[in-house]
Amino acid sequence: VSGGARVDVPAGLAATVLSVAAAEGQRCEEGDVIAVLEAMKLEIEVTAPVSGTVVSVPAQPGTLVGESDVLAVVEEDAG
Amino acid sequence: MTPPPGRDFSKVLVANRGEIAIRVCRALRELGIASVGIASEADRDALHAAYADECHSLGGRLPSESYLDIEKILAICVDAGVDAVHPGYGFLAENADFADACRQRGIVFIGPPAEAIRAMGSKVEARAIMLAAGVPVVPGSDGYVESLDEARSVAAAVGFPIAVKAAAGGGGMGFRVAETDEQLPDALAAAAREGEKFFGDGRVYIERYLGERRHVEVQVLGDEHGNVIHLGERDCSTQRRHQKIIEEAPAPGLSVERREEICALAVRAARAVGYVSAGTVEGLLSGGEFYFLEMNTRLQVEHAVTEELTGVDIVKEQLAVAMGRPLSVRQQDVAIRGAAIECRVNAERAERGFLPSCGTITRYRPPAGPGVRVDSGVDEGTVVTPYYDSLLAKVVATGSSREEATQRMLRALGEFEIEGVGTLIPLHRQYLASQQWAAAVPSADLALGAVVAPAQER
């Protein structure tokens, strides 16, 4: 049934991971919060770029991530 | 001549990092006092760690496990045998418990008495003290606002738009504006949530949100001998997310008489809390009226603007006062000539909504020349991490007039080369060349691209 494209959700900036909202196997809609990052006293929400199913969540709270590090992978709903 | 009375320091710990730690160490070095630095694991190779005469490792990376860890810092104080601690700004600078803990161990806290920090730390208590002292405050609630009904009745009395503020807040955190009654519940909840999160206190109060306002603050200095003076005002009306990014002095558009009145109110405010050391009385100027907002009981980022304008070394005055000496300047000796501007060079990308920019600084060439001062905490090779605030360096330009100071700043920012991380330099250059800046129009939420046309066509 599945089989849509797998879309990486990158951090977008170097930051620490404050919390992770996405869980493996969970559905997500475009714009849903995947994780909250913190950098330089500012909180930044990273949201799902597409609607689909979360297939993996490499992000771990309390860790440091780089700009291109993948926080989660979303399998897009097959059109 | 007999030496002035007091307790001399031979060694002082600077409980901070970055540019302000270096700024304080410079004053100590000029006075022949040994400096002790502290550095987190993330700051092992930082410039401030190398500048101090000796540097102790704090371990940890997050502020809570390093620069905010009172017990760790006090243990280093004892270990290093320091006489006093200078907290800089941020971190423990306005932490009354830290000031008390220092005193209990016989270490001088370089700053105001813990009681003054506590009194001004609660914005609600501060408002009450100022009202009693005859200092005008922004119309708003008498004390804390505990329910939506209470918020509605205050809003009805003072009129929308209103600002909901965390009682323990500051620095643009725990601050929400409600334009209408419908926005009131969300504003209340958000301000309370941020107050709880950033300051451990979810209580809020309400003030009228003044339109057409300028953010004007007054630098004050007090000593243990009953002297309280001011070093003039600064205008900090250029902000992003309600946090200052450009400060200047004198405040544009203020008459000499009005300036004197405002500065006199600030001295009255400082006296009302028995203020000692350097502090800042912050206020809003709206419709020609000055309203007390809050008092910052510490050295501020923008203190250098006033130093350049008056020639008074505010950090050295703090040190002298902490050693029990009287201020070295009297009010009648304070002279303000010309103008000074400060631009905060933050590691942020204005074009991406002021998103923090981390990384390694691969090229660093600070400006120099007439009327330019750079206080920097970084150098080529510095790794800018996400753990602390985004201020890399401050540029202060002075001139005989606001125009000359602006020209110098633009020249200096043009010379300033930083590669490897994004900075606010492009935004500052665009903004200082705009008509908005030339006309001194305040901006509480500056954004790149929203800047109006350049001023050349005047």
Side-chain angles (χ1 to χ4, degrees), chain A residues 5-24 26-52 54-76, chain B residues 17-18 40-42 60-68 89-91 169-174 190 193-194 197-199 240-243 245 301 344-361 377-378 383-392 420-424:
Chain A
R6 293 193 162 206
V7 180
D8 288 347
V9 185
L13 79 162
T16 53
V17 180
L18 209 58
S19 63
V20 179
E24 212 176 295
Q26 209 177 49
R27 259 207 68 75
C28 71
E29 303 300 326
E30 184 183 333
D32 281 358
V33 175
I34 295 287
V36 181
L37 306 180
E38 184 172 2
M40 300 176 177
K41 305 205 295 197
L42 183 72
E43 284 184 20
I44 301 115
E45 289 184 344
V46 178
T47 56
V50 294
S51 298
V54 179
V55 291
S56 81
V57 187
Q60 293 289 324
T63 58
L64 191 67
V65 290
E67 186 171 344
S68 55
D69 286 357
V70 174
L71 302 180
V73 180
V74 178
E75 191 172 271
E76 196 175 1
Chain B
R17 63 180 301 282
S40 71
E41 193 59 28
R61 289 183 170 79
L62 297 173
S64 58
E65 54 192 36
S66 54
Y67 300 99
L68 288 173
Y89 52 68
F91 296 124
M173 305 286 207
R193 193 173 58 238
E194 285 190 7
K197 180 176 153 54
F198 293 111
F199 310 101
R240 64 103 182 78
R241 289 195 298 260
H242 295 280
Q243 292 171 328
I245 55 172
V301 174
R344 298 192 187 192
V345 178
N346 293 355
E348 294 170 21
R349 295 185 191 278
E351 71 279 13
R352 290 185 67 191
F354 296 93
L355 206 60
S357 178
C358 302
T360 302
I361 296 177
V378 298
V383 179
V384 180
T385 69
Y387 303 112
Y388 316 109
D389 77 26
S390 60
L391 184 69
L392 301 178
V421 296
T423 75
L424 293 185

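Order of the sequence lines sets the chain letters (A, B, ...), proteins ahead of strands, with each chain counted from 1.
Using a 4.5 Å cut-off between heavy atoms, Glu67(A) touches chain B through its side chain atoms alone. At a 4.5 Å heavy-atom cutoff, Leu37(A) makes no contact with chain B through either its backbone or its side chain. Heavy-atom distances place no part of Arg349(B) under 4.5 Å from chain A, backbone and side chain included. When heavy atoms are compared at a cutoff of 4.5 Å, Arg241(B) approaches chain A solely by way of its side chain, counted from C-beta outward.
Leu64(A) has its side chain within reach of Pro386(B): a pair of non-hydrogen atoms, C-beta onward, lies under 4.5 Å apart. Looking at heavy atoms from C-beta onward, Met40(A) lies in side-chain contact with Val384(B) at the 4.5 angstrom threshold. Between Pro356(B) and Ile44(A), some side-chain heavy-atom pair lies under the 4.5 Å cut-off. Within the 4.5 Å cutoff, the side chain of Lys197(B) has heavy atoms near those of the Glu43(A) side chain. The side-chain heavy atoms of Leu42(A) and Phe354(B), taken from C-beta on, include no pair separated by under 4.5 Å.
For the atom pair Leu13(A) CG and Ser357(B) OG, the distance stands at 8.5 Å (nearest 0.5 Å).
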